[in-house]
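This chain uses plain numbering: 1 for the first residue, then up along the sequence. As the structure is a computational prediction, the values presented were derived from the model and not from experiment.
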Amino acid sequence: MKKTLLLSALVFFALPILAQNNFNRHNFSMNAGYAFKFADNHPEQFANMVSNSDHAKTMKHGYTFEFAYDYRFHQWLSVGFEASMLGAVHGFDSIIPSSGEANNSIYCTDDMNIFYVGPSFKVQLPTIAEQFDIWARVTAGYMNMRNTDKNSISNTYSGNSFGYGIGCGLDYAFNEYIGMGFTASFLQGSVSTLKLGEDKIDISENKESLGRMNFTIGVRIRL
């Protein structure tokens with residue numbers, strides 16, 4: 001009796017492990033879509049966004065590109081990495097009061113890019129109707145921000161930050177190897193030191209938040 005129970009237990013625990021081979025281990029995703037940056041307040045170095053609230057609100061909206069690789073070592077679990085980029089650019093005419101009959105105007109622009117890369121851990125739920133996959137991913141890594149603002153002069157500020165995020169998605173498989181998917185993800189980080197050329201500027205009392213939401217659609221490749 002004991003031998004029968006022991007054998008049954010071994011079979012019970014071994015079946016999920018043996019079933020792990022029935023999936024593609026290498027998973028790639030490439031996405032593009034919309035990004036919304038959360039920051040409402042900016043340090044004084046971001047002159048265009050401090051002086052023009054409408055411009056600052058417009059700069060919250062941008063585009064994003066994402067890439068992720070997941071190695072599926074279990075039916076429901078994967079490890080890998082993800083990388084993404086947010087881009088936002090906007091310009092406006094600023095009126096400069098003049099002592100003459102007509103005021104002068106200057107065209108001001110901002111071009112902001114935020115990059116992220118880091119390892120990730122992914123949980124994948126059982127496939128629905130053999131074609132739909134629901135999953136969630138957590139990540140923590142490195143963020144880099146570059147913002148070029150131009151009014152009377154042009155300045156490029158940059159900064160680095162620790163970043164972390166969470167995302168979820170729904171994938172649809174056309175066949176065993178190709179599919180498409182929708183993702184919604186959140187990334188957070190904040191810059192406390194800006195670099196302008198060789199100069200470093202401490203903004204720890206009014207950090208620049210890099211937090212954002214991404215909504216993307218893209219291609220899935222499974223090998």
Side-chain angles (χ1 to χ4, degrees), residues 7-38 60-89 112-145 161-189 209-223:
L7 181 60
S8 300
L10 289 173
V11 171
F12 177 81
F13 287 108
L15 283 176
I17 298 175
L18 294 174
Q20 291 174 21
N21 293 322
N22 189 28
F23 52 79
N24 296 331
R25 293 189 179 274
H26 304 282
N27 295 265
F28 303 87
S29 63
M30 292 161 283
N31 305 310
Y34 167 76
F36 178 79
K37 187 170 179 289
F38 296 127
K60 287 185 174 183
H61 305 276
Y63 57 89
T64 185
F65 297 106
E66 300 175 343
F67 174 82
Y69 167 74
D70 299 297
Y71 176 77
R72 197 169 177 179
F73 64 91
H74 184 276
Q75 184 178 1
W76 301 328
L77 304 175
S78 303
V79 292
F81 74 92
E82 67 172 280
S84 67
M85 185 276 286
L86 173 148
V89 60
M112 176 173 282
N113 294 282
I114 301 174
F115 302 92
Y116 172 82
V117 63
S120 64
F121 181 79
K122 180 180 177 183
V123 177
Q124 191 155 334
L125 300 181
T127 300
I128 302 172
E130 298 183 354
Q131 290 179 302
F132 293 94
D133 286 325
I134 299 175
W135 54 266
R137 178 190 285 120
V138 294
T139 183
Y142 168 79
M143 299 186 83
N144 172 268
M145 179 275 300
S161 168
F162 168 77
Y164 61 91
I166 186 171
C168 60
L170 174 66
D171 294 346
Y172 175 82
F174 297 119
N175 55 47
E176 184 180 358
Y177 304 105
I178 300 293
M180 65 176 296
F182 169 80
T183 67
S185 61
F186 163 78
L187 280 172
Q188 178 60 43
S209 174
L210 306 183
R212 70 182 191 264
M213 283 293 300
N214 300 322
F215 301 94
T216 63
I217 189 169
V219 176
R220 305 292 181 264
I221 301 174
R222 298 168 179 170
L223 302 175

Task: Partner residues of Tyr164 under the ring-ring contact (aromatic ring centres under 6.0 Å, His included) criterion, sequence neighbours left out - done: none
Task: Test item: side-chain donor near acceptor, Arg212 and Ser84, under 3.5 Å - done: yes
Open item on the list: Would you compute the distance between atom CG of Leu86 and atom OG1 of Thr64 and round it to the nearest 0.5 angstrom?
Closed with: 6.0 Å
Open item on the list: Taking side chain to side chain donor-acceptor pair (under 3.5 Å) as the definition, give me every residue that meets it alongside Thr216, ordered by chain and number, with sequence neighbours left out.
Closed with: Glu66, Thr183
For residues 169-181, which side-chain N or O atoms pair as donor and acceptor with protein atoms under 3.5 Å away, sequence neighbours left out?
unit_1	atom_1	unit_2	atom_2	d
Asp171	OD1	Trp135	NE1	3.3
Asp171	OD1	Arg220	NE	3.0
Asp171	OD2	Trp135	NE1	3.2
Asp171	OD2	Arg220	NE	3.4
Tyr172	OH	Gln131	NE2	3.2
Asn175	OD1	Tyr177	N	2.8
Asn175	OD1	Ile178	N	2.8

Task: Closest heavy-atom pair and its distance - Arg25, Phe73 - done: NH1-CA, 3.7 Å
Open item on the list: I need the Met143 CE to Phe162 CZ distance, nearest 0.5 Å.
Closed with: 10.5 Å
Open item on the list: By the salt bridge (charged side-chain N to carboxylate O under 4.0 Å, His left out) test, which pairs, at least two apart or in different chains, include something from residues 115-125?
Closed with: Asp70-Lys122
- [ ] Write down the atom of Ala35, the atom of Asn214, and the distance for their closest heavy-atom approach.
- [x] CB-OD1, 3.3 Å
Open item on the list: Test of understanding: with side chain to side chain donor-acceptor pair (under 3.5 Å), list the residues that count as partners of Tyr34, not counting sequence neighbours.
Closed with: His61
TODO: Enter the distance from Ile128:CD1 to Ile134:CD1 here, rounded to the nearest 0.5 Å.
DONE: 3.5 Å
TODO: Would you check if the distance from the ring center of Phe65 to the ring center of Phe67 is below 6.0 Å?
DONE: no
- [ ] Please report the shortest heavy-atom distance between Gly62 and Ala88, naming the atom on each side.
- [x] CA-CB, 4.2 Å
Task: Interatomic spacing from CG in Leu210 to CG in Asn144 - rounded to 0.5 Å - done: 9.0 Å
For residues 112-121, dump all side-chain donor-acceptor pairs below 3.5 Å to protein atoms at least two apart in sequence or in another chain.
unit_1	atom_1	unit_2	atom_2	d
Tyr116	OH	Thr139	OG1	2.6
Tyr116	OH	Ala140	N	3.2
Tyr116	OH	Gly141	N	3.1

Task: Gap separating the CD atom of Gln124 from the CZ atom of Arg72, nearest 0.5 angstrom - done: 4.0 Å
Task: Spatial distance of atom CZ (Phe215) from atom OG (Ser185) [nearest 0.5 Å] - done: 8.0 Å
- [ ] Decide yes or no for Val138 and Ile166: does some side-chain heavy atom of the first lie under 4.5 Å from some side-chain heavy atom of the second?
- [x] yes
- [ ] Grab the two heavy atoms, one from Leu77 and one from Val123, that are nearest each other, plus how far apart they are.
- [x] CD2-CG2, 4.1 Å
